[in-house]
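Order of the sequence lines fixes the chain letters, A, B, ..., with proteins taken first and strands second; residue numbering starts at 1 for each chain.
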Amino acid sequence: MTSAPEHTLAAPRRLGRDALPHETVALARALIGKTLVHEAPEGRMSVRIVETEAYPVGDAAGHAFIGQTRRNASLFRAFGHAYVYLGYGVSWLLNVSSESHGVGAGVLLRAGEPIEGVDIMMRRRGRGRLAELTSGPGKLCMAMDVDKRLDGADFFDGGPLWLGEAVRPAGDIGVSVRIGITKDAERPLRFYERGNPFVSGPRKLSP
DNA sequence: AGTGCGATTGACT
DNA sequence: GTCAATCGCACTA
């Protein structure tokens, strides 16, 4: 054999806590192209992050804006913890806590490009098109088996949910307003990889 | 104890 | 394109 099996090409190394910027908006941008991995009981799944949204300190649209509560407590944990909550009573949504302990801010992971465990994710999502497997925050969590159990998990403590180096460098990064919010709606805090078919939302917002 | 509301999705016209 | 589903949580009383 002259070439390695495809799955070995896709295995990234774990990123350390200080390999990413702790400031919220910088983190949202830096996460584009990085790998999100979940080593779940049913198998290992990973995606290349292609869309994020920043919810910085003092942002009226952020869940931390009202202060720390039971629901948003994970946003106030140290940099690099998972904040998972149920949106619209229907979908789980995954964030990475940013800044430092006691400061409520985070980055929403909105979409990924499937890399490993595509068969597992397709099964979890039911029959559907590959283009819609992980092209939205709720779809991403459904596919990767992320739910309330992972709320508060540390991305950098060697656990099953972690962030890895980029399998392929990020391309041109677009910026737009965030999707589906009404407060502080005009702020350009959504980041996505231009031209990537797995980015969510209206084409209008992702030229 | 009751009320209102989403950082969404998928089904349907 | 429109719109209902669905429920944990924060808030009011």
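Distance CZ (A:Arg70) to P (C:dC11): 12 Å, rounded to an integer number of Å. Computed from coordinates, the A:Asp147 CG to C:dT6 P distance equals 19 Å when rounded to whole Å.
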Base-contact (B) and sugar-phosphate-only (S) positions in nucleotides 6-13 of chain B, heavy-atom cut-off under 4.0 Å, - elsewhere: BBBSS---
Secondary-structure string, 5' to 3', Watson-Crick or G-U under 3.5 Å, | for another-strand partners, for DNA chain C: |||||.||||||.
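A donor-acceptor contact under 3.5 angstrom links the side chains of A:Arg110 and A:Ser200, judged on distance only. Of the N and O atoms on the side chains of A:Arg190 and A:Ser176, at least one donor lies less than 3.5 Å from an acceptor on the other residue. Side-chain contact check for A:Glu99 and A:Thr24: at least one donor-acceptor pair (N or O, by modelled atom type) lies under 3.5 Å.
In this structure a side-chain-to-backbone donor-acceptor pair under 3.5 Å is present from A:Glu53 to A:Ile179. Judged purely by atom type and a 3.5 angstrom limit, A:Asn72 uses its side chain to pair as donor or acceptor with the backbone of A:Thr69.
Residues A:Trp92 and A:Arg149 have side chains not in contact (no heavy-atom distance under 4.5 Å, counting atoms from C-beta outward). Under the 4.5 Å side-chain criterion, counting only non-hydrogen atoms from C-beta, A:Ser91 is not in contact with A:Leu86.
Aromatic ring centres of A:His63 and A:Tyr55 lie farther apart than the 6.0 Å criterion allows.
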